[in-house]
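Heads up, the thing below is written out as structure tokens.
Atoms considered below: every heavy atom in the structure, side chains included; atoms not considered: hydrogens, waters and symmetry mates.
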Amino acid sequence: MTQTSENVTWLTQEAYNKLKDELEYLTGPARTEIAAKIAAAREEGDLRENGGYHAAKEEQGKQELRVRQLTQLLENAKVGEAPAADGAVAPGMVVTIAFDGDEDDTLTFLLASREYASSDIETYSPQSPLGSGVIGHKVGDDAEYELPNGKKASVRILKAEPYTS
């Protein structure tokens, strides 16, 4: 999981390895694949009306942007342990909250960077209003965060457990 503090991103060893593997794939086999797609499309003729060529170039641009993002993230990463299961909300935790203390209106989410966003669980960044509002609080605590309209919202921390993938 991650915890960002200024330009440092804290990662578990597992998260670091996963991101490093993705970077190695993107800078190796994936670059070779996209270069072959571009070369094949280029051989089809007129590049101005060649949809395959333009699609491959766009894919290449997105891939290179991801390479830059991963490179920067990993250069600034500090590898550490997963958060402790002590009930305190920290990055890398799955948190369940109740809005305005209403035990029927709850949300469970992973407090982590967008690198961990998945379809399995909703992910909130530690820098998001909700994320920054709950960090450091313990199970049973009430926490406040600022809504986009400037008003404050209150939540109660019901659960905080280390994320396991």
Side-chain angles (χ1 to χ4, degrees), residues 1-31 34 58-165:
M1 300 308 96
T2 67
Q3 173 181 358
T4 305
S5 118
E6 292 179 36
N7 287 336
V8 175
T9 300
W10 295 92
L11 298 170
T12 61
Q13 187 65 53
E14 177 186 10
Y16 180 86
N17 293 346
K18 179 181 169 192
L19 295 172
K20 191 161 176 49
D21 289 346
E22 181 184 353
L23 180 61
E24 286 173 7
Y25 171 75
L26 289 174
T27 56
R31 273 192 179 150
I34 195 70
E58 185 176 325
E59 184 181 342
Q60 181 185 41
K62 289 177 183 176
Q63 188 173 300
E64 291 305 316
L65 173 62
R66 181 70 177 150
V67 166
R68 288 191 299 276
Q69 289 171 335
L70 286 172
T71 300
Q72 183 178 11
L73 181 74
L74 292 172
E75 282 175 355
N76 296 316
K78 298 282 186 208
V79 178
E81 293 299 311
D86 60 4
V89 177
M93 304 289 281
V94 174
V95 181
T96 302
I97 58 168
F99 292 97
D100 296 320
D102 180 357
E103 304 280 327
D104 293 328
D105 186 11
T106 63
L107 171 68
T108 299
F109 61 93
L110 171 61
L111 186 61
S113 81
R114 63 191 165 112
E115 302 300 326
Y116 290 92
S118 78
S119 59
D120 297 341
I121 187 167
E122 197 162 347
T123 304
Y124 282 80
S125 162
Q127 290 77 33
S128 70
L130 177 58
S132 61
V134 298
I135 282 182
H137 289 279
K138 290 192 171 277
V139 171
D141 287 354
D142 289 325
E144 270 193 357
Y145 68 100
E146 192 171 319
L147 298 168
N149 65 8
K151 294 184 179 182
K152 299 276 186 186
S154 176
V155 297
R156 173 163 289 139
I157 314 298
L158 302 178
K159 240 192 217 176
E161 300 171 337
Y163 176 72
T164 53
S165 52

Compare every heavy atom of A88 with every heavy atom of K138, then report the nearest pair and how far apart it is. NZ-CB, 3.9 Å
Could you walk me through whether E22 and K18 pass the side chain to side chain contact (heavy atoms under 4.5 Å, CB included) check? CA-CA 6 Å; E22 181 184 353; K18 179 181 169 192; over 6 Å; no
More than 12 non-hydrogen atoms from neighbouring residues, nucleotides or ligands closer than 6.0 Å to CD on Q72, yes or no? no
Taking salt bridge (Lys or Arg N to Asp or Glu O under 4.0 Å) as the definition, give me every residue that meets it alongside E161, ordered by chain and number, with sequence neighbours left out. none
Output yes when R68 and E64 qualify as a salt bridge under the 4.0 Å nitrogen-oxygen rule, no when they do not. no
Within the structure provided, determine whether M93 and K159 are in side-chain contact (heavy-atom separation under 4.5 Å). no
With D104, which residues qualify under side chain to side chain contact (heavy atoms under 4.5 Å, CB included), at least two apart? D102
Could you walk me through whether V67 and L23 pass the side chain to side chain contact (heavy atoms under 4.5 Å, CB included) test, one step at a time? CA-CA 6 Å; V67 166; L23 180 61; 3.9 Å; yes
Who passes side chain to side chain contact (heavy atoms under 4.5 Å, CB included) against I135, sequence neighbours left out? P91, L111, P126
Please, which pairs that meet ring pair (Phe, Tyr, Trp, His ring centres under 6.0 Å) have at least one residue in residues 120-140, sequence neighbours excluded? F109-Y124
Minimal non-hydrogen separation, Q127 against S132, with atom names: O-OG, 4.4 Å
Just verifying a value: how many Å separate N17 CG and E24 CD, rounded to the nearest 0.5 Å? 9.5 Å
When rounded to the nearest 0.5 Å, the distance separating CD of Q63 from CZ of R66 is 11.5 Å
Contacts of Y145 that satisfy side chain to side chain contact (heavy atoms under 4.5 Å, CB included) - sequence neighbours left out: F99, P129, L130, L147, A153, V155
For V139 and L158 the tightest heavy-atom approach is CG1-O, 3.3 Å
Looking at G131 and S128, what are the two nearest heavy atoms and their distance? N-OG, 2.9 Å
Quick one: are T106 and I97 in side-chain contact, heavy atoms under 4.5 Å? no
As a quick check of understanding, evaluate side chain to side chain contact (heavy atoms under 4.5 Å, CB included) for L19 and L74, giving each step before the final call. CA-CA 8 Å; L19 295 172; L74 292 172; 4.0 Å; yes
Sequence-distant partners of E144, salt bridge (Lys or Arg N to Asp or Glu O under 4.0 Å), two or more places apart: none
